[in-house]
> 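The structure that follows is given in the form of structure tokens.
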Amino acid sequence: ILSHLKLSTSWNYDETYNIFDFNPLFFNHIHHIHSSKYPTINGILNQLVKRPWENRDPMNTITKSHQEALNYLNGKSYREALTDNTLSFDVINQINELKANDLLMQIILRGVPVSDFHQFVQDFMKQKQFQQTNFQTFDNAFLEKFGWQLSEIFPMYFDQRELPAFRVKNFRKKGILSSSGEDTGLWTPHSKFNIEFDVLNESDVNGGISLYLHRIIFPKKGEDPTVDRVIYTPRSFAVKAREAKKIIFIYEGIPNSQSIHTGLSKNRPNMFNIYDEIFRHEKKPEYTTDSIAREEPLPLDIFFPPTNEIIVDNEDSGFHIIDPPASWLSRILGIENKHHHGSFFDAVSHWESQISTDYFGGYSLSCIGKATGKGKASLTWTTPIDKKGKYKIYAYIPNNSYREEVRRTRWSNDPIRDILYYYTISYEGGKKDIKTYAPEESKWVFLGEFKLPEGECSVTLYDIGLPGQCVVGDAIKWIYQKP
């Protein structure tokens with residue numbers, strides 16, 4: 001198992017695994033923490049210490065093996081993974097990486113600063129240089145230093161099968177004003193910022209999330225002018241099972257950007273970029289005199305639709321996909337239409353899924369899309385209408401179609417075309433076709449108001465459109481209108 005771990009003696013962590021790297025052969029002879037009960041502890045500790053937490057970029061693209069590792073741990077334990085011979089080399093590497101980060105998260109949430117933990121491990125390994133040390137010795141030293149034993153969290157760490165699931169909303173970044181009410185200088189080195197967001201852990205297990213503040217360190221006089229350094233400074237927060245809270249954090253300095261990272265969780269994606277949210281929707285910077293960091297409890301219901309709303313997402317049971325028949329060549333070769341995480345929808349002839357913070361959803365933010373066809377492929381959202389009356393119907397339309405159209409015109413120099421989406425609203429005793437324009441920004445688009453009887457109501461989106469266009473479906477919302 002230890003051979004699966006990516007170890008390095010350099011402080012510069014390389015994301016690409018090098019099969020010709022023989023550093024571990026020598027590194028493991030310098031010091032080794034042995035445990036038959038926790039076989040990967042030596043590699044995990046070395047991995048954490050050799051890759052500084054503040055230099056961990058949380059915005060790396062999720063690879064296929066990373067996604068497979070997340071899927072595996074959502075239902076199976078780390079201990080099971082260590083003995084599962086069916087896992088590929090890349091997947092077990094990703095599992096070890098995820099669990100190493102998760103262990104550091106657990107240590108931080110119990111009140112141990114990252115810098116203190118790093119210094120402790122480094123000092124311990126220096127004292128035990130060229131020795132094989134039993135983990136119990138390390139654990140006793142950890143107890144003496146921090147007042148609790150690392151092994152206390154290991155039963156759940158190795159055997160837990162369920163992952164936390166977070167809903168994150170209401171990002172805000174506000175410049176803090178001085179007591180006189182005047183702007184302290186938003187973009188000066190002495191600026192203070194109030195950064196807040198709401199979070200819900202809707203799972204039955206405790207979890208933690210991190211606020212990453214990204215700061216660019218520009219080269220000083222005499223240093224290489226072509227080399228900038230980005231510091232990823234995390235601040236971690238515990239979120240218990242079924243807990244909802246507002247987190248307010250005060251940051252002294254100028255973060256170039258900021259994001260919420262949910263780590264080892266059910267969330268897809270597991271990173272929320274706050275920078276885009278602020279500068280896309282805020283016309284002017286916000287200011288406040290509130291300079292107190294704190295956490296405030298919130299009611300759970302603010303994370304879910306009001307009682308007069310019905311929402312069917314593409315992840316829900318009321319959502320159905322109809323794909324076009326496979327081509328004769330695909331049938332001969334046995335190639336089936338599959339749904340996966342792709343980059344662009346304009347080149348695919350079947351429905352495929354994407355994940356992005358731009359999409360609607362709970363802890364899984366995804367949508368379904370494909371290139372335009374002849375109307376033989378469709379997406380349908382269906383819900384029971386238990387209360388007859390007037391309903392306003394909305395479609396959440398991601399801006400993929402508009403972005404793809406802009407991208408196309410950059411290459412062709414053609415004008416941007418009007419992109420239309422074609423829907424059909426069906427209900428007991430009625431049906432209506434609706435056309436609407438694709439939005440420039442991802443948002444809820446009004447489809448119309450309908451008088452619906454009791455029974456089922458469905459909204460169908462067809463793959464009709466212009467050549468080179470993509471069609472994207474995400475969620476449908478029905479809002480009951482009081483008489």
Side-chain angles (χ1 to χ4, degrees), residues 57-63 66-67 70 165-173 197-200 209 211-212 214 257-262 265-283 303-305 311-316 319 321 339-348 351-371 379 381 394-410 416 419 421 423 436-447 461 465 469-477:
D57 182 359
M59 303 177 69
N60 287 332
T61 303
I62 293 181
T63 62
H66 184 93
Q67 187 64 54
L70 285 170
F166 303 102
R167 291 178 184 246
V168 184
K169 59 184 291 186
N170 294 338
F171 310 112
R172 284 292 184 270
K173 174 183 172 184
F197 58 93
D198 301 340
V199 59
L200 163 70
I209 62 174
L211 169 65
Y212 276 78
H214 311 162
S257 62
Q258 47 280 317
S259 60
I260 303 297
H261 191 61
T262 60
S265 65
K266 294 180 181 178
N267 286 73
R268 305 293 183 271
N270 62 355
M271 187 275 293
F272 301 83
N273 192 336
I274 307 176
Y275 181 91
D276 290 342
E277 185 76 15
I278 291 170
F279 288 94
R280 184 187 307 143
H281 298 295
E282 300 292 344
K283 295 181 180 179
F303 290 86
F304 300 97
I311 297 180
V312 178
D313 188 28
N314 65 289
E315 301 270 354
D316 296 334
F319 176 73
I321 299 172
H339 311 293
H340 57 277
H341 301 295
S343 297
F344 297 104
F345 293 130
D346 61 347
V348 294
W351 297 110
E352 67 173 23
S353 64
Q354 275 191 357
I355 56 174
S356 169
T357 54
D358 230 15
Y359 304 150
F360 178 84
Y363 56 79
S364 182
L365 306 176
S366 69
C367 73
I368 303 290
K370 69 179 293 293
L379 305 174
W381 297 259
Y394 295 81
Y396 190 86
I397 305 179
N399 69 342
N400 295 70
S401 296
Y402 182 79
R403 284 192 287 112
E404 290 299 304
E405 180 65 12
V406 171
R407 187 172 68 95
R408 184 191 67 81
T409 59
R410 287 175 182 169
I416 295 178
I419 303 296
Y421 272 41
Y423 292 90
T436 189
Y437 289 101
E440 296 183 14
E441 293 185 358
S442 303
K443 64 178 184 179
W444 289 104
V445 176
F446 180 62
L447 299 183
L461 170 65
Q469 175 196 332
C470 67
V471 179
V472 184
D474 194 336
I476 299 294
K477 175 166 62 178

> Apply the test side chain to side chain donor-acceptor pair (under 3.5 Å) to residues Thr262 and Tyr363: give CA-CA distance (whole Å), side-chain angles for both, the deciding distance (0.1 Å), then the verdict.
CA-CA 10 Å; Thr262 60; Tyr363 56 79; over 6 Å; no
> Please give me the minimum heavy-atom distance between Pro439 and Lys443, naming the atom from each residue.
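Nearest pair, atom of Pro439 first, then Lys443: CB-CE, 3.9 Å.
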> Going through the distances and angles, do Leu379 and Asn314 end up as a side-chain contact (heavy atoms from CB on, under 4.5 Å)?
CA-CA 9 Å; Leu379 305 174; Asn314 65 289; over 6 Å; no
> Calculate, to the nearest 0.5 Å, the distance between atoms CH2 and CD1 belonging to Trp351 and Ile321 respectively.
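The CD1 atom of Ile321 is 8.5 Å from CH2 of Trp351, to the nearest 0.5 Å.
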> Could you check if a side-chain atom of Glu404 sits within less than 4.5 angstrom of a side-chain atom of Ile419, using non-hydrogen atoms only?
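No, their side chains stay 4.5 Å or more apart.
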> Above 12 or not: heavy atoms from other molecules or residues under 6.0 Å from OH of Tyr437?
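No - once you tally the heavy atoms of other residues, nucleotides and ligands closer than 6.0 Å, there are 12 at most.
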> Mind checking whether Tyr423 and Trp381 have parallel, tilted or perpendicular rings, split at 30° and 60°?
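The rings of Tyr423 and Trp381 sit tilted, inter-plane angle from 30° to 60°.
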> After noting the C-alpha distance and the side-chain angles of Tyr394 and Ile311, does the key distance pass the side-chain contact (heavy atoms from CB on, under 4.5 Å) rule?
CA-CA 9 Å; Tyr394 295 81; Ile311 297 180; over 6 Å; no
> Does Arg268 reach the side chain of Leu70, with side-chain heavy atoms less than 4.5 Å apart?
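Yes. Closest side-chain heavy atoms under 4.5 Å.
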> Verify whether one side chain among Tyr359 and Asp313 offers a donor that lies under 3.5 Å from an acceptor in the other.
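Result is no, nothing qualifies.
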> Does Asp474 use its side chain to pair, donor to acceptor, with the backbone of Ile397 at less than 3.5 Å?
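Between the backbone of Ile397 and the side chain of Asp474 there is no qualifying donor-acceptor contact (under 3.5 Å).
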> Less than 4.5 Å apart, side chain to side chain, heavy atoms only: is that true for Phe319 and Ile368?
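The answer is yes, as the side chains (C-beta and beyond) meet within the 4.5 Å cut-off.
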> Measure the spacing between SG of Cys470 and CD of Glu352 and express it to the nearest 0.5 Å.
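Here the rounded value is 10.0 Å.
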> So how far is it from Asp358 CG to Leu365 CG, rounded to the nearest 0.5 Å?
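One gets 9.5 Å once the value is rounded to the nearest 0.5 Å.
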> Enter the distance from Lys370:NZ to Gln469:CD here, rounded to the nearest 0.5 Å.
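So the NZ of Lys370 and the CD of Gln469 are separated by 10.5 Å.
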> Of all the heavy-atom pairs spanning Ile209 and Phe197, show the shortest one and how long it is.
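Closest heavy-atom pair between Ile209 and Phe197: CD1-CE1, 3.4 Å.
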> When you measure from the side chain of Ser442 to the backbone of Asn399, do you find a donor-acceptor pair of N or O atoms at a distance under 3.5 Å?
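Answer holds: yes.
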> Check the orientation of Phe360 and Tyr396. Use parallel for under 30°, tilted for 30 to 60°, and perpendicular for over 60°.
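Answer is tilted, since the angle falls between 30° and 60°.
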> Given side chains that start at C-beta, do those of Phe166 and Ile260 come closer than 4.5 Å, heavy atoms only?
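Phe166 does not reach Ile260 side chain to side chain.
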> Write down the atom of Ser259, the atom of Met271, and the distance for their closest heavy-atom approach.
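Smallest heavy-atom distance, with atoms named: CB-SD, 3.8 Å.
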> How many angstroms lie between CZ in Arg167 and CG in Asp198, if you round to the nearest 0.5 Å?
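Output value for this atom pair is 13.5 Å.
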> Are any non-hydrogen side-chain atoms of Gln258 and Phe171 less than 4.5 angstrom apart?
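Heavy-atom side-chain distance check fails, nothing below 4.5 Å.
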> Side chains of Gln67 and Ile355: does their closest heavy-atom pair fall under 4.5 Å?
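Side-chain contact under 4.5 Å: yes.
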